[in-house]
Amino acid sequence: MSNRPNVVFMLGDNVGAGDLSAFGGLTPTPRLDRLAAEGVRFTNFNTEAQCTPTRGALLTGRMPVRTGTYTVPLPGSPLPYGLSPWEYTIAELFSDAGYATACFGKWHLGKVPGRLPTDQGFDEWWGISESSDEADYTSYPMYPDEFEVPKVKKAVRGAPFEEVADFDREIRPFMDEHITNHTLEFIRRTSDEGTPFFAYVAFTNVHPPMIPHPDFADVSKKPVPCNIAELDHRAGQILDLLDELGLTDDTIVVWASDNAAGTLLGETMGSSGYWRGSFGGGWEGSIRTPAMIRWPGRIPAGVVTDEIIATYDWMPTLAGLVGESDRMPTDRPIDGIDMSSFMSGETDTSGRESFVYMGTDAELISVKWKTYKVHFRYTESTSWIAPYVKPQIPMVCDLVADPHETIDLMQSDLTAGWVIGAALQPVMKLAASAQKYRHIQVGEDGFEGYD
């Protein structure tokens with residue numbers, strides 16, 4: 001067994017800030033609750049506007065507006081969207097450090113050769129290249145024959161991908177079971193080989209179409225609790241295997257969600273807890289999701305923190321925890337902060353004072369600065385496709401006194417204008433950085449680095 005820790009990163013899809021019972025949710029999630037209790041539970045973990053932006057941030061340690069992953073292109077778009085082949089990913093970092101690397105589940109960072117997981121540092125992959133909603137496409141009688149049939153794919157590094165099954169309503173309820181089984185097989189195999197591993201486990205729940213697995217269909221009459229219960233069970237299967245193989249103390253486990261709970265036909269699919277908003281907006285309930293980390297003996301247990309954490313902090317933090325910070329690239333802006341000393345209890349703060357939230361048009365929506373929030377744009381409804389409203393003067397909220405973001409201090413107390421100036425500091429820093437390191441455009445081919 002290597003003396004370097006293994007890393008398992010599990011990512012839920014659209015699990016809201018109030019969906020897990022450790023975060024106040026009504027669906028029991030005993031395995032994830034226990035995982036959170038055995039490490040650090042984050043109550044101020046901040047995600048990006050959509051699936052692709054969050055996953056791009058996670059993989060690169062960079063803001064999606066820099067990497068051209070700030071939006072999910074419309075179906076049929078001719079652009080080869082996703083991560084530029086030039087980007088250096090967390091999988092490449094672990095691979096260069098001698099880890100076996102695998103991605104199982106939803107990718108959503110490109111579907112053409114050069115932009116698939118096995119082109120971006122993963123040794124193997126099984127899953128879908130796009131989003132879960134494609135499982136319903138072929139159920140429409142008028143779905144054109146000339147359109148691609150969504151597929152489940154697999155690949156190994158250095159070889160073309162293979163299509164292994166149709167991705168449709170028949171396989172949809174079993175996707176997270178398959179993802180988990182592939183993960184278990186990978187962990188067993190690499191453990192037998194004595195190789196440290198990095199497993200990126202990107203579950204498909206709770207993304208529409210939400211068709212409960214038969215084993216969890218009796219949890220509720222509604223699909224979301226069924227899917228949440230399954231996510232908890234699947235995490236438990238992976239944790240049980242680590243116990244069985246004696247790897248628990250030698251494995252860093254992270255569980256997080258990529259986006260907030262969404263709405264369909266005006267009904268919230270999950271829970272944002274006591275935060276305002278849902279997927280697609282700029283409110284706290286649109287940004288915060290559950291997150292937790294465990295490493296027995298190295299990361300203190302029973303910690304609950306409201307320190308600001310961003311998705312792009314995971315890459316430098318995990319690199320720091322495994323002793324590979326020197327592999328972080330220095331030829332480009334890295335927006336993530338190495339929080340390994342905070343995670344291990346050596347410091348009391350995460351080092352992050354602000355979080356800049358950009359829209360799917362690459363324009364500014366809001367900035368969280370310490371315990372204040374400044375809205376430069378916002379949505380007036382909970383619909384995930386609601387248009388953004390731009391006020392004449394940005395809205396300022398105090399998240400401690402007003403966690404529901406209903407009181408605009410610029411209307412109740414005009415003297416709070418200085419908060420806008422504080423919130424603009426990271427925005428101006430980003431703009432200045434872009435003058436030297438231009439933003440990669442969506443689908444841009446041929447980018448080879450900065451001069």
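Count residues from 1 along the sequence.
In this structure, Met328 and Asp338 have side chains that are not in contact, with every pair of non-hydrogen atoms separated by 4.5 Å or more. You'll find the side chain of Lys222 stays beyond 4.5 Å of the side chain of Val224, heavy atoms only. Taking 4.5 Å as the limit, some side-chain heavy atom of Thr180 sits within range of a side-chain heavy atom of Phe203. Between Ser191 and Leu247, the closest side-chain pair of non-hydrogen atoms falls below 4.5 Å. Inter-residue side-chain proximity for Thr406 and Asp402 is flagged as met; some heavy-atom pair is nearer than 4.5 Å. For the pair Asn6 and Pro196, the minimum side-chain heavy-atom distance is below 4.5 Å. Residues Ile238 and Leu184 are in side-chain contact: their nearest non-hydrogen atoms beyond the backbone lie under 4.5 Å apart. With contacts defined as side-chain heavy-atom distances shorter than 4.5 Å, the pair Thr69/Arg55 does not qualify.
Judged by distance alone, the side chains of Glu130 and Tyr81 do bring a donor and an acceptor atom under 3.5 Å apart. Inspection of the Asp33 and Ser21 side chains reveals an N or O donor paired with an N or O acceptor under 3.5 Å.
Once rounded to the nearest 0.5 Å, the distance linking CD1 of Ile293 with CD1 of Ile299 reads 3.5 Å. The CG atom of Leu93 sits 5.0 Å away from atom CE of Met315, with the distance rounded to the nearest 0.5 Å. Residue Asp408 holds its CG atom at 6.0 Å from SG of Cys397, rounded to the nearest 0.5 Å. Within the model, atoms CG of Asn14 and CZ of Phe279 stand 5.5 Å from one another, a figure rounded to the nearest 0.5 Å. A distance of 9.5 Å separates CZ of Phe216 from CG of Asn205, quoted to the nearest 0.5 Å. Here Tyr357 contributes atom OH and Asn46 contributes atom CG; the two are 10.0 Å apart, rounded to the nearest 0.5 Å.
Scored by the side chain to side chain contact (heavy atoms under 4.5 Å, CB included) test, Thr71 finds Gln50, Thr360, Val442 as partners (sequence neighbours excluded). Qualifying ring-ring contact (aromatic ring centres under 6.0 Å, His included) partners for Phe94, counting only residues two or more places apart in sequence or in other chains: Tyr99, Phe198. Remark: Trp126 engages His178, His182 in a ring-ring contact (aromatic ring centres under 6.0 Å, His included) (not counting sequence neighbours). For Lys151, the side chain to side chain contact (heavy atoms under 4.5 Å, CB included) partners at least two apart in sequence or on another chain are Val149, Lys153, Glu163, Asp166. Residues passing the side chain to side chain contact (heavy atoms under 4.5 Å, CB included) test with Phe447, sequence neighbours excluded: Ser84, Trp86, Arg438, Ile440, Glu444, Tyr450. Annotation: ring-ring contact (aromatic ring centres under 6.0 Å, His included) contacts of Phe342 (sequence neighbours excluded): none. Residues passing the side chain to side chain contact (heavy atoms under 4.5 Å, CB included) test with Glu193 are Arg189, Thr190, Thr195, sequence neighbours excluded.
Using a 4.0 Å cut-off between a side-chain N of Lys or Arg and a carboxylate O of Asp or Glu, Arg377 and Glu363 do not qualify as a salt bridge. The existence of a salt bridge linking Arg31 and Asp240 is confirmed by a sub-4.0 Å separation between a basic side-chain nitrogen and an acidic carboxylate oxygen.
In plain terms, the two heavy atoms of Ile211 and Pro173 that are nearest each other are O-CB, 3.2 Å. For the pair Ala57 and Glu48, the tightest heavy-atom approach, listed with the atom from each and the gap, is CB-CG, 4.3 Å. Nearest heavy atoms, Ser350 versus Ile309: CB-CD1, 3.8 Å. Considering all non-hydrogen atoms of both residues, Thr289 and Val15 come closest at CB-O, 3.7 Å. Taking every heavy atom of both residues into account, Ser272 and Gly285 meet most closely at OG-O, 3.4 Å. Considering all non-hydrogen atoms of both residues, Met395 and Pro391 come closest at N-CG, 4.4 Å.
Heavy atoms from other residues, nucleotides or ligands lying under 6.0 Å from OH of Tyr143 number more than 12. Annotation: Glu170, atom CD; neighbour count of heavy atoms from other residues, nucleotides and ligands within 6.0 Å does not exceed 12.
Thr89 contributes no side-chain N or O that, together with a main-chain N or O of Gly121, makes up a donor-acceptor pair within less than 3.5 Å. Between the Thr43 side chain and the Thr305 main chain, a donor and an acceptor come within less than 3.5 Å of each other. Proximity of a side-chain donor or acceptor of Thr60 to a complementary backbone N or O of Gly56 within less than 3.5 Å is detected.
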Evaluation steps, side chain to side chain donor-acceptor pair (under 3.5 Å), between Asp176 and Thr204: CA-CA 6 Å; Asp176 284 2; Thr204 60; 2.7 Å; yes
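Every pair passing ring pair (Phe, Tyr, Trp, His ring centres under 6.0 Å) that includes a residue from residues 148-175 is listed here, sequence neighbours excluded: Phe174-His213. Among residue pairs with one or both ends in residues 47-68, none qualify as ring pair (Phe, Tyr, Trp, His ring centres under 6.0 Å); sequence neighbours excluded. Applying the salt bridge (Lys or Arg N to Asp or Glu O under 4.0 Å) test to pairs two or more places apart or on separate chains, those with a residue in residues 58-83 are Arg62-Glu87, Arg66-Asp335. Among residue pairs with one or both ends in residues 112-123, those qualifying as salt bridge (Lys or Arg N to Asp or Glu O under 4.0 Å) are Arg115-Asp445, Asp123-Arg157; sequence neighbours excluded. Sequence neighbours left out, the pairs with a member in residues 296-312 that pass salt bridge (Lys or Arg N to Asp or Glu O under 4.0 Å) are Arg288-Asp306.
Trp283 and His404 have their aromatic ring centers separated by at least 6.0 angstrom.
Screening Phe9, Trp255, Tyr200 for a ring pair (Phe, Tyr, Trp, His ring centres under 6.0 Å) with Trp314, the sole residue that qualifies is Phe9.
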